[in-house]
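Just so it is clear, the structure is predicted and the values come from calculations on it, not from any experiment. Start at 1 and go down the list; that is how both ligands and their atoms are numbered.
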Amino acid sequence: MNQLNKWKFTGENGEFELKHPDKSNYLYFPLANEAGMMSAITPRMHGDIKTDQNTFAMRPVSLEDLHNTKSARNFWVSTDQGEVWSATGNSAVQFSQKFTEDNSEEVKLKAGPLWHKITRENSNLNLKSEVLNFVPTNTDIVELMEIKLTNTGSRSTTLTPTAAVPIYGRSADNLRDHRHVTSLLNRIETIDHGVMVKPTLSFDERGHTVNNVSYGVVGATGSGEKPEGFFPIVEDFIGKGGNLEWPETIVDNKDNYLKAGESIDGYEAIGALRFADITLEPGEEVSYIIVIAIDESGGNFAELADKYCNQKSFVYYLDKNKEFWKEKLDTVQVQTGDSEFNNWMKWVTLQPILRRIYGCSFLPSHDYGRGGRGWRDLWQDCLALLLMEPEPVRELLYNNFSGVRIDGSNATIIGSEPGEFKADRNNIRRVWMDHGAWPFLTTKLYIDQSGDLEFLLRDQTYFDAGSNLLDKENNIYQGSIIEHFLVQHLTHFFGVGENNNFLLKNGDWNDGLDMAPEKGESVAFTALYGSNLLELADLFKSLKEKKAIDNIELARELLTLLDTINADVDYDSTEYKNQLLGEYHNRCQDGISGQKIKVSINNLISDLETKGHWIREHLNQNEWLENNAGHNWYNGYYDNDGQRLEGDHSEGTRMTLTGQVFPIMAGIPEDQQIEKIINSVDHYLKDESVGGYRLNTDFNEIKTNLGRLFGFAYGHKENGAMFSHMAVMYSNALYKQGFASAGHEVIDSIYQHCQDFETSRIYPGIPEYINQRGQGMYHYLTGSASWLLLTMVTEVFGVRGELGDLVLDPKLVPSQFDETGRAKIGTIFADKFLNICYINKDKLTAKDYKIKEVKLNDSPIVHEIKDGYAVISREIIEQLDNDSNNQIQVVLN
Ligand code: G1P
């Protein structure tokens with residue numbers, strides 16, 4: 001039996017290798033470009049290729065499809081000895097041999113951003129294949145694949161090669177809905193280099209429209225020779241009793257192929273390309289280049305074949321691909337003492353870009369949704385993009401505000417263009433109560449990184465029933481970004497349940513808490529909104545000081561919710577709050593007046609501070625709990641009966657991580673309380689077998705008065721898995737409050753677990769969650785990557801902005817420094833790439849070191865020390881050269 005290996009990094013840009021990747025059924029790897037080509041590929045070349053929900057070149061797959069061969073890219077070889085071999089490992093024989101002693105095949109993966117190569121060596125047949133796939137980083141919608149065959153034996157051998165890539169060529173919806181009828185639309189042609197399919201119509205619930213998209217598979221030998229002929233129809237290729245794993249055409253070595261220039265209509269198509277027989281002498285190799293393409297402009301596959309179908313071009317575009325991704329990922333360069341970790345972070349850095357491209361829908365685990373992302377994902381992905389691609393994000397953020405509704409909720413279907421929002425799916429309006437809190441977090445990061453306080457004053461529209469909100473005169477209504485924030489925060493502040501916390505509505509961050517829409521409350525997010533209110537007040541203070549702003553114009557209607565300005569308030573009364581919210585809604589119900597009033601910024605500051613402080617006190621007085629075992633933590637929720645969720649229970653102690661994360665992040669507990677929370681989390685939620693910190697304890701109950709998640713088996717997804725997003729936010733919150741070693745432990749346990757391939761069974765990167773068996777799930781497309789990158793840069797290395805100035809506030813633990821006591825990060829700030837090196841010769845802990853000296857390009861630099869961290873004025877950074885050699889050296893002592 002082959003021994004299972006872990007992946008090993010082989011370079012500095014995340015390149016890695018893994019032996020026997022075919023022994024892990026659920027592995028997949030992304031191949032994509034910015035033009036929208038999205039592929040998934042497995043060690044046996046399974047996976048699909050698409051540009052959106054309605055345009056799949058290969059059959060859409062879910063995880064459970066990955067271990068059958070129906071949608072694999074295949075490349076067949078028939079030998080002069082009568083043997084049949086799939087160079088991609090997809091023949092019935094290879095499967096049957098897989099578990100026998102006669103498994104004569106060695107398989108190895110090498111991959112990097114973003115290319116994927118499988119080497120397969122068969123010692124019985126004396127053949128080796130190397131199959132390399134990537135998507136070029138230009139505007140072409142193609143996936144390229146090179147198949148290199150080598151004769152590893154000692155006598156010459158003659159091979160008959162046939163590429164075989166089934167072409168699905170339609171919408172994912174047609175997998176079940178009219179799969180056969182849609183094949184009748186297919187117009188299939190054999191062309192010089194391959195097979196193309198252009199369905200006549202696009203046939204689906206959107207109506208039957210004329211289709212313009214063509215799909216094709218073209219190929220040539222590495223030296224550019226065209227195929228001899230084609231088997232373009234699936235049923236002909238597999239034969240009467242064969243299948244894609246044992247196609248008659250190959251097994252019987254048929255040569256009844258069609259020549260170029262033939263048309264056949266109305267069948268399932270396959271890009272089966274027969275190449276001329278080739279004799280390989282011992283040690284000799286031959287290469288074939290295959291292009292799988294989607295073309296929306298009339299099917300110019302001849303041009304694509306000219307461009308890509310030879311080995312020289314393949315190598316040229318592969319090099320370009322490697323350069324492109326290296327440059328992207330080099331925008332953040334983490335160099336701790338652990339080079340494996342540094343390489344792993346390359347994949348984490350890539351993940352937010354992947355989610356920008358794939359949304360939350362188009363990898364095999366993500367077999368839901370129709371593309372795009374949700375509102376909270378949109379905002380949180382911008383956290384990382386602000387660090388990596390700061391320039392375009394400003395406008396993206398601004399555009400996103402047009403999705404906010406005047407009642408504080410927002411559009412939930414996000415279009416593909418920036419700022420394009422659509423009405424809710426199936427017209428069911430769901431309100432996730434956390435949605436209003438994320439835009440502030442992202443905008444705060446943007447303002448701190450850039451110093452662009454004016455951003456807050458820009459006017460933006462609101463969303464209403466699929467278009468822009470109008471005022472009573474039917475003019476498009478606009479309000480400042482400040483006004484948008486106030487709408488989002490104040491409507492929640494007054495929308496409380498019986499226990500005076502913000503109503504949970506249809507869920508919060510946890511999508512699975514969707515069954516408590518009447519009386520459910522999210523204490524966790526009450527905390528986050530609370531700190532947002534205080535931080536917003538701080539931004540107003542800066543606006544006043546730095547921009548001499550004394551008044552802010554706001555919609556007249558909002559004054560109702562700025563209640564401290566004109567009246568006495570009674571925030572302990574839930575009736576008082578709900579009544580005021582009712583008044584606000586009544587005022588906005590028939591459209592907004594369009595009238596603006598000027599509010600003094602001092603009044604605004606004091607209003608928000610009163611509200612923020614009230615929340616802090618309320619949570620500490622009412623939601624801080626102690627159980628019978630003497631553990632303390634915050635209750636995070638109330639269920640639909642208005643009952644407190646957490647604490648002792650006859651079915652076992654009930655605790656959530658979310659309930660702790662946001663109060664800590666919001667700075668609500670004192671340090672001693674945080675220590676107690678850490679103890680309780682360690683006691684009830686920590687579990688090394690799943691990579692760290694679970695989302696909740698086992699409630700042993702299908703709590704239908706709270707959410708669907710309790711229907712999931714315990715330890716899976718939102719029911720008690722190690723859910724990376726929340727765990728990383730826990731780490732972030734701990735770092736933020738100065739608990740560096742506890743924060744480090746969270747990230748380290750996830751990293752260590754992911755590295756243990758035998759258990760985690762994922763390629764490098766952070767998965768959405770770790771399941772009960774310790775397996776990494778829903779790899780690549782997860783908001784946790786954004787948060788991890790953000791935490792590494794702004795907390796662990798402490799490189800962040802403060803209203804545009806550069807802060808250096810490292811919270812590195814001793815093990816993160818190399819043997820010379822150095823830890824480095826390269827990152828962009830004020831449009832300059834900075835190499836920052838922290839020197840901690842004595843390897844002191846974060847609690848024990850302070851910044852002793854800061855040098856810029858070898859000269860001491862003017863900086864201010866505030867609360868233990870260094871602040872360097874933005875002007876100094878702006879004056880630096882635009883090259884990548886700027887060095888900041890920080891001595892810690
Ligand atoms: C996913 C969703 C996110 C949601 C979370 C918990 O997390 O994308 O919106 O808040 O599940 O339900 P992610 O993919 O970010 O790991």
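- Contacts between Asp511 and ligand 1 below 4.0 angstrom, taking non-hydrogen atoms only, involve backbone and side chain alike.
- Counted within 6.0 Å of CD on Glu651, heavy atoms from surrounding residues, nucleotides or ligands total more than 12; the atom is thus considered enclosed.
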Step-by-step side-chain contact (heavy atoms from CB on, under 4.5 Å) determination, Trp375 to Thr412:
CA-CA 6 Å; Trp375 177 261; Thr412 48; 5.7 Å; no

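- At a threshold of 4.0 Å, the pair Glu795-Lys811 counts as salt-bridged, since one of the basic side-chain nitrogens sits closer than that to a carboxylate oxygen.
- At under 3.5 Å, not a single nitrogen or oxygen of Asn510, backbone or side chain, sits near a nitrogen or oxygen of ligand 1.
- Defined by atom type and a distance below 3.5 Å, a donor-acceptor pair is present between the side-chain atoms of Tyr751 and Asp338.
- Judged purely by distance below 3.5 Å, without hydrogens or angles, the side chains of Gln772 and Arg694 pair a donor atom with an acceptor atom.
- No salt bridge links Arg370 with Asp52; every basic N to acidic carboxylate O contact stays at or beyond 4.0 Å.
- Ion pairing of Lys519 with Asp641 is absent here, as no side-chain N (NZ or NE/NH1/NH2) approaches a carboxylate O to less than 4.0 Å.
- The cationic group of Lys717 lies under 6.0 Å from the six-membered ring centre of Tyr778 and within 45° of the ring axis, placing it in a cation-pi geometry.
- Residue contacts with ligand 1 for His366 are absent, since no atom lies close enough (heavy atoms, distance under 4.0 Å).
- Taking a cut-off of under 4.0 Å to the non-hydrogen atoms of Gly783, the atoms of ligand 1 that pass are 13 (P), 14 (O), 15 (O), 16 (O).
- Listed by atom number, the atoms of ligand 1 under 4.0 Å from His725 heavy atoms are 15 (O).
- The protein atom (non-hydrogen) at minimum distance from atom 1 (C) of ligand 1 is Glu768 OE2, 3.4 Å.
- Looking only at heavy atoms of the protein, atom 16 (O) of ligand 1 is closest to Thr782 OG1, 2.8 Å.
- Using a 4.0 Å cutoff on heavy atoms, Asp434 does not count as a contact of ligand 1.
- Closest to atom 10 (O) of ligand 1 among all protein heavy atoms lies Trp509 O, 2.6 Å.
- Within ligand 1, the atoms closer than 4.0 Å to a non-hydrogen atom of Arg355 are 8 (O), 13 (P), 14 (O), 15 (O), numbered from 1 in the order shown.
- For atom 3 (C) of ligand 1, the closest non-hydrogen atom on the protein side is Asp377 OD1, 3.5 Å.
- At a 4.0 Å heavy-atom cut-off, ligand 1 touches Glu718 through the side chain alone.
- For the pair Glu518 and Lys505, the salt-bridge criterion is not met [side-chain N within less than 4.0 Å of a carboxylate O].
- With a 4.0 Å heavy-atom cut-off, ligand 1 is reached by the side chain of Phe723 but not by its N, CA, C or O.
- Every atom of ligand 1 is numbered from 1 in the order shown, and the set under 4.0 Å from a heavy atom of Leu781 is 14 (O).
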